[in-house]
Amino acid sequence: MSGLLNQMQAGDHLVITEVSRLGRSRPMQIMGLLDELAHDRGITVHLTYSDAAIDKSTIEDPAIFFQIVGAGFVAQQEAKRRSERATAAREQY
């Protein structure tokens with residue numbers, strides 16, 4: 001993913017299916033990356049699960065912020081649950 005992001009230029013469009021595709025990090029780090037792409041580099045990010053387009057004009061919209069942070073939080077919690085289930089399964093055997 002980093003190779004793709006490094007090659008992108010102003011006016012390009014990035015389509016992602018889930019916010020977690022941008023990284024399995026904390027939601028605020030993902031928001032920071034989106035801000036860099038949209039505001040600083042002029043790249044439009046399309047989120048297929050919500051039909052949202054994040055660009056210079058929408059990056060500061062509170063609805064976008066809460067959508068991104070919420071989706072990132074959900075992805076983070078799902079990863080934690082998967083890890084807990086895997087640990088529990090290993091402990092059984």
Side-chain angles (χ1 to χ4, degrees):
M1 178 65 88
S2 62
L4 171 67
L5 295 178
N6 289 336
Q7 293 179 14
M8 296 189 81
Q9 301 174 9
D12 286 348
H13 293 254
L14 175 64
V15 179
I16 58 174
T17 57
E18 296 178 31
V19 168
S20 64
R21 296 290 114 214
L22 292 176
R24 303 227 184 259
S25 58
R26 289 172 276 165
M28 293 307 292
Q29 289 176 328
I30 294 171
M31 193 65 199
L33 175 59
L34 289 170
D35 183 60
E36 175 191 339
L37 293 172
H39 190 262
D40 299 342
R41 295 180 54 194
I43 296 167
T44 301
V45 180
H46 299 272
L47 307 174
T48 60
Y49 63 85
S50 70
D51 295 328
I54 301 171
D55 60 20
K56 287 182 180 184
S57 67
T58 61
I59 189 66
E60 295 182 21
D61 181 345
I64 294 289
F65 173 79
F66 286 112
Q67 182 179 9
I68 299 304
V69 171
F73 177 77
V74 168
Q76 191 177 43
Q77 293 304 306
E78 288 174 355
K80 181 180 174 183
R81 282 192 295 274
R82 278 193 305 274
S83 176
E84 290 170 351
R85 286 192 303 266
T87 299
R90 282 192 299 272
E91 291 174 355
Q92 282 184 331
Y93 299 103

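- Rounding to the nearest 0.5 Å places CG of L37 at 6.5 Å from CG of L34.
- Interatomic distance, I64 CD1 to D35 CG, rounded to the nearest 0.5 Å: 12.5 Å.
- Note that the CZ atom of F66 and the CG atom of D61 stand 10.5 Å from one another [nearest 0.5 Å].
- Rounded to the nearest 0.5 angstrom, T44 OG1 and I54 CD1 are separated by 9.5 Å.
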Using atom types as modelled, flag every donor-acceptor pair under 3.5 Å from a side chain in residues 2-10 to any protein atom, sequence neighbours excluded.
unit_1, atom_1, unit_2, atom_2, d
N6, ND2, S2, O, 3.1

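- For H46, the ring pair (Phe, Tyr, Trp, His ring centres under 6.0 Å) criterion is met by H13, not counting sequence neighbours.
- Taking the side-chain contact (heavy atoms from CB on, under 4.5 Å) definition, one finds that D40 meets it with E36, sequence neighbours left out.
- Taking CG of D55 as the start and CD1 of I43 as the end, the distance is 12.0 Å to the nearest 0.5 Å.
- Contact annotation: the side chain of I59 approaches that of M31 to within less than 4.5 Å [non-hydrogen atoms, C-beta and beyond].
- For T58 (side chain) and A53 (main-chain N/O), a donor-acceptor pair under 3.5 Å exists by modelled atom type.
- The distance from the CD atom of E78 to the OG atom of S83 is 13.5 Å, given to the nearest 0.5 Å.
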